[in-house]
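Lettering of chains follows the sequences in order, A, B, ..., and the numbering in each one begins at 1. Values reported hereafter were calculated over all heavy atoms of this structure, with side chains retained and with hydrogens, waters and symmetry mates removed.
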Amino acid sequence: MTTLFAPPVSMNERATHYCPGCTHGVIHRLVGETIDELGIAERTVGIAPVGCSVLIYNYYNIDFQEAPHGRAPALATGAKRARPDLMVFTYQGDGDLASIGTNEIVHAANRGEKITTVFVNNAIYGMTGGQMAPTSMPGQVTTTSPRGRDPALAGFPMRMCELLSTLRTPAYIVRASVHTPQLAVQTKQAIRRAFQLQMENRCFSFVEVLSTCPTNWGIPPVKALRWLQDNMLPYYPLGVFKDPDQQERADRQVPTPWRDNDAK
Amino acid sequence: MTTLFAPPVSMNERATHYCPGCTHGVIHRLVGETIDELGIAERTVGIAPVGCSVLIYNYYNIDFQEAPHGRAPALATGAKRARPDLMVFTYQGDGDLASIGTNEIVHAANRGEKITTVFVNNAIYGMTGGQMAPTSMPGQVTTTSPRGRDPALAGFPMRMCELLSTLRTPAYIVRASVHTPQLAVQTKQAIRRAFQLQMENRCFSFVEVLSTCPTNWGIPPVKALRWLQDNMLPYYPLGVFKDPDQQERADRQVPTPWRDNDAK
Amino acid sequence: MPSIQVDRDRCKGCELCNDACPQGILGMSKQINIKGYFYAEVIDPGRCIGCMLCAVMCPDLAIAVHGTAVQYRLYDYFQPEQR
Amino acid sequence: MPSIQVDRDRCKGCELCNDACPQGILGMSKQINIKGYFYAEVIDPGRCIGCMLCAVMCPDLAIAVHGTAVQYRLYDYFQPEQR
Amino acid sequence: MQNEVMFAGFGGQGIMLIGQMLAYAGMGEGKNVVWIPSYGPEMRGGTAYCTVVVSDKDIGSPIIDRPESIAVLNRPSLDKFHTRVRGNGLLIINTSLIDATTDRSDIDVLNVPANQIAMEAGTGKAANMCVLGAYVGRTKAVTLESLRGLVRYQFKSKPQFIDVNLRVLEKGYELGEQLATKNN
Amino acid sequence: MQNEVMFAGFGGQGIMLIGQMLAYAGMGEGKNVVWIPSYGPEMRGGTAYCTVVVSDKDIGSPIIDRPESIAVLNRPSLDKFHTRVRGNGLLIINTSLIDATTDRSDIDVLNVPANQIAMEAGTGKAANMCVLGAYVGRTKAVTLESLRGLVRYQFKSKPQFIDVNLRVLEKGYELGEQLATKNN
Amino acid sequence: MAKKLMKGNEAIGEAAIQAGCRNYFAYPITPQSEVAEYLSRRMPEVQGHFVQAESELGAANMVFGAAATGELVFTTSSSPGVSLMSETISYIAGAQLPAVFVNIVRGGPGLGGILPAQSDYFQATKGGGHGDYRLLVLAPATVQEAVDLTMLAFQLAFKYRNPVMILGDGMIGQMMEPVEFKPPPPAADLPSVETWATTGAKGRKCNIAHSLFLDPEALEKNNHVLAAKYKVWQKDEIRFATYNLDNNPRLLIVAYGTMARICSTAIDELKQKGVEVGLIRPITLYPFPAAAILQHAKKIGKVISVEMSMGQMVEDVQAAVGHDIHVGFFGRAGGIIPSPDEVVQALEAELRA
Amino acid sequence: MAKKLMKGNEAIGEAAIQAGCRNYFAYPITPQSEVAEYLSRRMPEVQGHFVQAESELGAANMVFGAAATGELVFTTSSSPGVSLMSETISYIAGAQLPAVFVNIVRGGPGLGGILPAQSDYFQATKGGGHGDYRLLVLAPATVQEAVDLTMLAFQLAFKYRNPVMILGDGMIGQMMEPVEFKPPPPAADLPSVETWATTGAKGRKCNIAHSLFLDPEALEKNNHVLAAKYKVWQKDEIRFATYNLDNNPRLLIVAYGTMARICSTAIDELKQKGVEVGLIRPITLYPFPAAAILQHAKKIGKVISVEMSMGQMVEDVQAAVGHDIHVGFFGRAGGIIPSPDEVVQALEAELRA
Ligand SMILES: Cc1ncc(C[n+]2csc(CCOP(=O)(O)OP(=O)(O)O)c2C)c(N)n1
Ligand SMILES: Cc1ncc(C[n+]2csc(CCOP(=O)(O)OP(=O)(O)O)c2C)c(N)n1
Ligand code: SF4
Ligand code: SF4
Ligand code: SF4
Ligand code: SF4
Ligand code: SF4
Ligand code: SF4
Ligand SMILES: [Mg+2]
Ligand SMILES: [Mg+2]
């Protein structure tokens, strides 16, 4: 009789402060397992965001830095440039990364910083009590979109993988989800590859994970998984958007111009 | 005998402060002509950037606001929301828009603000004396990339049209150039359509114009046109990247995911 | 025989494990734990196949799975590189 | 007969007009203007076709073009909607 | 006259609501009132509480460090707050969910089986009304009539809940008036 | 002893360079020096200038509002700066490019056809050296020898330019020493 | 108008609407997100505009753009968010535009905490941004005063064409008190914006909203124009309240906002014990009521500054009274609100000292 | 080491390298872009790192990330750019990390101008960011001093685990003077970073660089830790220079940076006329040499603050000397550098007053 499944050793015993059924916890574990498997706990530095996961550093046995809201990629850049031997990853929410921090993530990706980003997209500002995020779905009721998000006034949800994939600099960019065990396992594989690419000093890596916020969606945990599947998945397709092995394919995805004859 | 070509009436007599042969001046005129032709001078508000064109307001007979570096799209949002009857356009350089101001332009575009952006990409920070811009070409020598831009350290140049075109919110996004008279005429048409779409209250519009900086490139004006053609055009293809009439085509350009079966 | 162990005082009663279990052998206790939640518990331990889906979905590290090493597993959870 | 007029004191001597003129009838003066630039001037006015390419490229609003209204034009500069 | 009370429990027990009802009632009676929520880190998962001051005079400090009355609706609140009741003050304990008490002998303790009473009346959700009733029954900080009006207003859109809530409120009020306090 | 000079002209005339050479020379001779560029709005297109102070003592104010010497290399600089020469000071005018002069009668004026001299020596680009030479020839702010060394250092990588620049520098120095000043 | 029981944050939102403001741009942050939540419902009802900005930088610059059109506009935030607005506030001051900024302060520095504090006093009164500019800073102590000062803020912003800041601690935003919305002065009373608002250059010369003056003489002139306004404030805009100054107090407290209310309770408690203490409560933190403080300090002889910070205003109080009178300090930081009892003890200690 | 003639901006860059700093992140802005231009060449030569950040926010936060690993790191900017760093500086102070910020000040507010000014004094010394924190602010007057203070700044930043700011006016950045690079104290002299640097939790418990303290008691404790450092500064770190104080001056000037040098020339000119004036030049603007100023002010009786601003430090000078001694002010703003003659006139006027 052996233990088939136990908490990662890079994580500690502390119970999280997350609401019941919040999939932040699942994603935390996947990151912890990856760090275990790669054996990098002693040279890893995490960058915490401002968002529900601001206290992420309470749950790991690794060093952490706490960034101002949205700036984790800049801290990661500073840390990684100063100490290229460290493994540096950021963990950011959608308000943090896709709203206030858009500039920092775009430019860290464009410079090709050798860092890993775990981007938890739960289509809402969890920590501050459920305001609309740039990633909130059309019609989604939030505390700042009481009549539902109106794309005519607030635009459509931002798709960060699609946006970052247009950058020419090689990168690994993938969208995953944890609303079924199968997908959680795939998410883990994506996170693992993201860390591995950093270990190989190859490129910037970015794993978006669709996640639930039962509390601020006002939907019980299990139903929240279904809501994610029914509402978010069709708009946020899963998949590898960019891979350094397939840089050429990525390049081809750049829309073609109208007048090729001017281009030479 | 009639006058076939004369300065736009929405512009004044003042000589610009631009260096000889700097195509900022050409683009200014195209904007002025558009304002003339649409007859909107009396209800147009321009937003000046920080960059060589910060003094743009000296050359027009229209109202202007001067934004902090990079924030023109936010000022435009505020002005247009407060006064939807005004025609609001921004004029921004590549340092302004594609570096410090990336967040503001991405989110103004994503919200679908009914504003028009003229984005002058000269692959350098002109005003501050020729530092590297996010749009500078690989190998380009600038005062902060004395050995030429190294994509391994600074990434590849940012392509803003491509980036903004991934957003789902309808928009008109086009890249043009003024290094030949033919293309200058096309640029004018693009600017005109961009303003017209705003007049019709239809969508956000964005015209990137490739431009020269003879002074900081260290290349005489005519040769600078050739340099643009030889070096920038292959990387910055011209064309309409997104058009509200062709929203569906734009949607198709979103890269496809790996696992469609999970998407429903 | 595979089995799982729910750390009842870590559990927040979210029922994600319950939802994930292909054998339908998890249920919620009528008791509350120290945190005040109705925690998860195994109703029919004999039918557990050690698939670990419950543990994979638990956000709170509240589930450990035991079994023999040759246990059949639905996903190559720990050896992605072998796929 | 079409003709152009260079506002010599607006000119900054960049030569973009010169480069653009299909007739090759523009050149740079040997004199400097008040700004200190060698300004553009028409060398062979008779051959001007009024195509306006010089004016289209001038960054400094230094060129005006005159002609008859039926003048042949290379680009529909002022009527984009008619294309 | 100044009445100060803290209501404490966990999120979802309707703590904030009864505090606001009390404040509204006080305002309706022409008094000065202030309601203060806890919005601290404890909000998520932990205890939630609010304090209400109802006063004839201008209210100086809106913050009451040691209120004269505290009502605790769950165990963590009891543990955390019982020491904060002012000397000679009142502690209301929801005995339905709390099987402990305080060791303080300098205060009055009013044991109210709020969930049980609410359950008996038809809905466990109204336990908060019972506590509110008990507090007002004991202190007469506002009139019962004011509270009745607020219940009706509060459930305007769900009239089926008016009666049960009124019943629980009134029952609580009676308990507050009648129950002997245990001064341990 | 403190020497203060401003060199003014348009961008590309090598104004900044001769200022720096003077400062280097002073430093090499063990003096205190400070060089200040114009980096104001006038930089683009307009006039460029720099000021240099060479002094035996610690230099207090690095900014010299009214320098004792000013050398103007183009017309706008003359117009802009001639009034700023300190009383009894020196104004050096590059007569090759400037067909005007000052109406001040309280200063010395040294007319130097700098571009012409440089052209005669072989390159119009060395006009700045002529002006530098003239200034030092007149004021002896530093030694000619120091400047010679700096010319050699400056054109280390383009040795073909050393001789012509030295010739122009020396010619300027002679003019500075010899030419009568017109005190209008 | 009848009184309503409202949360400070919501009351501020409603006050802006009552003042005629139809433009609000903001980014959520505790403890003031309720303003955005309230106005996301309320603005559409009055044909107003609310945009949830992408960041505080975005929000502040939307305010800039709207303000430049001559419309009433405001934003709200809390400490870290306000720091992000520093550059823009400096621009708005330089361009002389009217705008209202609300800072519902929380404990700092850095991410700090989310509980009430007064530790942004320096930032607000000495200028978080660069350059020679000032904000007119108003500090409410009750929800009613938050309403009144919000309405006043728009008036002052337009009167002086300068950003006005409301500095409230987290408590002001979170607590509920009865409020009444007095009808604001008619919008027509706002000074004309014709000479500066960018509304389209129709029948007039162009209006340019700018803070760049490349010519240093011109920039200095702009600085003098600003300085002249700030001088007028010293004369016309100083506001403060007093408490128990008529009973020959033995100690003068200077405190503002929530802290001043707690002090008033402490004063009442001390009165019970037969000890008289007085209070000056600055309502304008800038311009600061230095003369009033000096006048009373001279009479009373003993002064203490009580703050929810490590001691910031105390420097202004000391400067106001000079070296002859010592100014004591009592403060709690990090989001801790001192209780009246604690203040009583501090005052007693100061009286003994 | 032989003297080199260097521009202030480049000298600051070289000084950082000599001090052992291998990490520089910055965004261009006049009048200090030469630091980035210089280090873009120089850093690779010493295996150092330079990233041109996407913005000042990016630069400041890269500094944050690198500082948290215990490495020497700095950034440079000018006024508007420094305003954008306010939030981050507050975070770095809250998290107690060593970092050096250089502000080569230009005229403001807003976009202002690009010429030298001293109008960010308040921002630097009172805290541009939110919360109860302070910067140690050093103000060089010569290029040599810019070098020395840059090297010192790293030492102090590590000694106190606090951001240190170099406040130079545009002139300090732009002018060339001979400089000498004295060998810095060996890197080993820097205090150990073991207890706090995030370098991988190998064989020790985790280091967390954070400024969030959700428990207000903990946040207040952090505030007290910071305050304790600032108190030590008042004792140990005050630096200033004097000029002509020994000749019984009739007027005491307080001035810093370039302005102080101009004043020293003015003093020389007045001496020629037989008028003695003395100068105190604060080198640390925070902690401020208040005691020294008071001591001399008492002897001399007349004080004037001379600044390239509309008058900011003058408030600290007045606070330092109390009400009995009037403090005059002379300043030019907007990028105008007063000439020694102008200062002479101002001093004479003050002497007559
Ligand atoms: C500068 C700044 N602005 C705003 C905030 C308030 N704030 C904290 S977390 C957050 C959003 C969190 O949402 P998200 O990033 O999606 O994370 P989640 O909580 O949903 O995981 C906001 C706006 C802040 N702390 N700092
Ligand atoms: C906050 C801030 N950071 C930096 C600057 C300095 N700055 C002025 S213009 C500019 C870049 C201009 O480049 P670009 O936008 O490409 O315009 P161009 O001059 O090339 O037309 C910079 C960095 C500033 N004014 N404000
Ligand atoms: S608020 Fe939402 S995101 Fe935050 S812990 Fe709760 S469920 Fe998770
Ligand atoms: S510096 Fe470059 S962009 Fe600026 S005016 Fe000159 S040529 Fe144009
Ligand atoms: S291991 Fe599999 S079968 Fe056993 S309880 Fe968990 S999910 Fe059910
Ligand atoms: S998934 Fe975990 S926390 Fe949720 S009910 Fe199951 S054991 Fe409890
Ligand atoms: S109008 Fe045409 S032909 Fe005439 S000068 Fe201009 S470019 Fe040449
Ligand atoms: S294009 Fe215009 S500015 Fe350039 S040379 Fe011709 S006329 Fe002169
Ligand atoms: Mg989120
Ligand atoms: Mg550019």
Side-chain angles (χ1 to χ4, degrees), chain B residues 1-30 32-34 36-38 52 59-60 178-193 195-196 211-215 219-226, chain D residues 1-23 26 28 32-40 48-83:
Chain B
M1 202 71 163
T2 53
T3 298
L4 296 175
F5 195 108
V9 297
S10 58
M11 296 185 75
N12 57 36
E13 303 272 273
R14 237 174 260 143
T16 69
H17 65 293
Y18 298 113
C19 307
C22 172
T23 43
H24 264 305
V26 178
I27 302 166
H28 277 29
R29 198 192 61 242
L30 300 179
E33 288 172 354
T34 300
D36 279 10
E37 292 170 24
L38 300 177
C52 276
Y59 312 125
Y60 290 85
V178 290
H179 69 283
T180 71
Q182 293 89 328
L183 289 170
V185 170
Q186 281 174 13
T187 300
K188 161 88 166 297
Q189 286 160 5
I191 293 175
R192 201 182 142 108
R193 174 149 171 81
F195 273 84
Q196 261 168 338
S211 186
T212 64
C213 176
T215 301
I219 303 176
V222 172
K223 282 202 181 141
L225 299 179
R226 306 287 183 269
Chain D
M1 209 179 66
S3 69
I4 72 159
Q5 196 183 329
V6 177
D7 182 338
R8 85 181 235 183
D9 283 336
R10 282 192 84 91
C11 175
K12 291 182 186 152
C14 69
E15 307 189 26
L16 296 196
C17 53
N18 187 349
D19 183 59
C21 176
Q23 296 290 82
L26 285 162
M28 306 313 289
I32 55 171
N33 63 10
I34 43 164
K35 288 196 191 117
Y37 297 117
F38 299 100
Y39 53 91
C48 177
I49 57 171
C51 65
M52 306 193 297
L53 299 195
C54 53
V56 167
M57 285 308 284
C58 176
D60 288 284
L61 302 178
I63 300 178
V65 185
H66 308 285
T68 57
V70 295
Q71 189 65 37
Y72 169 71
R73 274 173 284 127
L74 254 182
Y75 307 107
D76 286 325
Y77 193 72
F78 291 98
Q79 279 92 9
E81 63 275 55
Q82 291 176 9
R83 73 191 157 122

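Note: E13(B) leads E13(B), H24(B), H28(B) in heavy-atom pairs under 4.5 Å with chain D. Between chain B and the residues C58(D), A20(D), C11(D), the most heavy-atom pairs under 4.5 angstrom are made by C58(D). Interface summary for chain B: among A64(D), A55(D), G13(D), the most heavy-atom pairs under 4.5 angstrom belong to A55(D).
Looking at heavy atoms from C-beta onward, V222(B) lies in side-chain contact with L16(D) at the 4.5 angstrom threshold. Between K12(D) and T16(B) there is a side-chain heavy-atom pair separated by less than 4.5 Å. The shortest side-chain heavy-atom distance between I4(D) and F5(B) does not fall under the 4.5 Å cut-off. Considering only heavy atoms from C-beta on, K188(B) stays 4.5 Å or farther from V56(D) through its side chain. Counting only heavy atoms from C-beta outward, the side chains of P20(B) and Y37(D) approach each other to under 4.5 Å.
Heavy atoms from other residues, nucleotides or ligands lying under 6.0 Å from CD of Q196(B) number more than 12.
Proximity to chain D (any heavy atom under 4.5 Å) is restricted, for P8(B), to the side chain, taken from C-beta onward. At a 4.5 Å heavy-atom cutoff, the contact between R226(B) and chain D is made by side-chain atoms alone. Neither the backbone nor the side chain of I27(B) has a heavy atom closer than 4.5 Å to any heavy atom of chain D.
How far NZ of K223(B) is from CG of D19(D): 12.0 Å, rounded to the nearest 0.5 Å. For the atom pair CG of L225(B) and CD of E15(D), the computed distance is 11.0 Å after rounding to the nearest 0.5 Å.
Checking P221(B), C19(B), P220(B), P214(B) one by one against C14(D), the side-chain contact (heavy atoms from CB on, under 4.5 Å) holds for a single residue, P221(B).
In plain terms, the two heavy atoms of M57(D) and V178(B) that are nearest each other are CE-O, 3.2 Å. Minimum interatomic distance between R10(D) and R14(B) (heavy atoms only, all atoms of both residues): NH2-O, 3.2 Å.
Under the 3.5 Å distance criterion, the side-chain polar atoms of T2(B) are matched with a main-chain donor or acceptor of G67(D).
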